[in-house]
Amino acid sequence: MGKSLSFITPSGRVTLGNYIGALSQWTAEPGNVYAVADLHGITTPWNPETLRSYIIEIASVLLALGLDQQGSMVYVQSHVPAHAEMAWLLECIGHMGEFQRMTQFKSKGKDRGDVSVGLFTYPALMAGDILLHDVDSVPVGEDQKQHVELTRDLALRANHLFGPVFTVPQPRVPGIGARVRSLKNPAEKMSKSVIDDGTVLLLEDADAIRRKFMTAVTDSGREVTYDPEAKPGISNLLEIAAALSHQSIEQIAAQYQNAGYGAFKRAVAEIAVETTRRVRQEALTLQSDPAEIVRRLDTGRRMAEAVANPKLRQVKQAMGFLLP
Ligand code: ATP
Ligand code: MG
């Protein structure tokens, strides 16, 4: 399969959706690349103190998961200036039309008065993240697939214009749990930039997690059956339980079919609390030792620069820049 790359944006606290759809699927293998995408974290208005706390929280989770072991790396995107520079190069070969088609820009920009230029161009930054590392596949949730398709188009275009400089990556979307929905509004996906009781945070305490599950919206009827159209709330809980316990949706549904919604919600809450207990404890322990976080992130930065800097040079050379 080759090495893979995943970035996560510090746009909020880490959610259970992030954990199921992304973090828990990530593995520490030689060459794998994981980063806190802080440059992406300023595409919408931000508060400096809050941003810093989100960066530390995400870093602590990545490190708690051991994603900087076995020859893979964890770093902070802005610590490697090649990312910002590569984004500019790709913006200049991207087309307005293809960027305007990005649905995430449309959805994130739609209720805002002033939308930053960065929110519009950020797919170029993301493409650069991927292409700097020459990765073959990028595991993403459904919501990010379109950006990987754009990355492929930009890579193919650059290779056509300047010779074979980029590896053309494939998106890889996990089957189950690819789109965890809000517990309060199952029509919407769970997002870390939406803070309400429908969003379960990975690092909040067990009782808060239980309370959110107990107040999850359910549907009419009383049977626990999987039917995303007629029973979106229950189906979302089934998907969460299945993904976290590594069972099939059918297995979970059979187990709780006649248990009643209350007992089912309590059971899903326990699954969520138990399957995330270890990573939660390790991340919080790390947060009490910021120097250790900084040290491990700096090792990651050096590993990233060893790949990204020569790639950037190669691309600039091919594009016709006079190198220093
Ligand atoms: P934001 O609201 O700022 O977009 P987010 O929660 O959507 O935050 P991202 O930083 O966009 O998080 O994505 C991080 C990773 O988590 C990506 O791989 C994304 O596909 C995945 N992901 C995000 N939300 C979900 C979800 N509800 N279910 C499954 N995977 C998700
Ligand atoms: Mg998102």
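Below, all heavy atoms of this structure are taken into account, side chains as well, without hydrogens, waters or symmetry copies. Read the numbers this way: they start at 1 and go in the same order the structure lists the ligands and their atoms.
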Proximity to ligand 1 by part of [X], non-hydrogen separation under 4.0 Å:
X	value
Asp143	side chain
Gln144	side chain
Ser191	both

Is it true that a side-chain atom of Gln25 and a backbone atom of Ile20 form a donor plus acceptor pair closer than 3.5 Å?
yes

Main chain of Val194, side chain of Ser191: is a donor-acceptor contact present, judged purely on distance under 3.5 Å?
no

Atoms of ligand 1, numbered as shown, that sit under 4.0 Å from any heavy atom of [X]:
X	answer
Val180	26 (C), 27 (N), 28 (N), 29 (C)
Thr9	10 (O)
Met190	24 (N), 25 (C), 26 (C), 27 (N)
Ser11	1 (P), 3 (O), 8 (O)

Candidate list Arg211, Lys212, Arg280, Arg13, test salt bridge (charged side-chain N to carboxylate O under 4.0 Å, His left out), partner Glu204, passing option:
Lys212

Do [Y] and [X] meet the salt-bridge criterion of a basic N to acidic O distance under 4.0 Å?
X	Y	answer
Arg101	Glu149	no
Asp298	Arg302	yes
Glu85	Lys316	yes
Arg266	Glu270	no

Is it the case that ligand 1 has an N or O less than 3.5 angstrom from some N or O of [X]?
X	value
Gln104	no
Glu142	no
Arg181	no

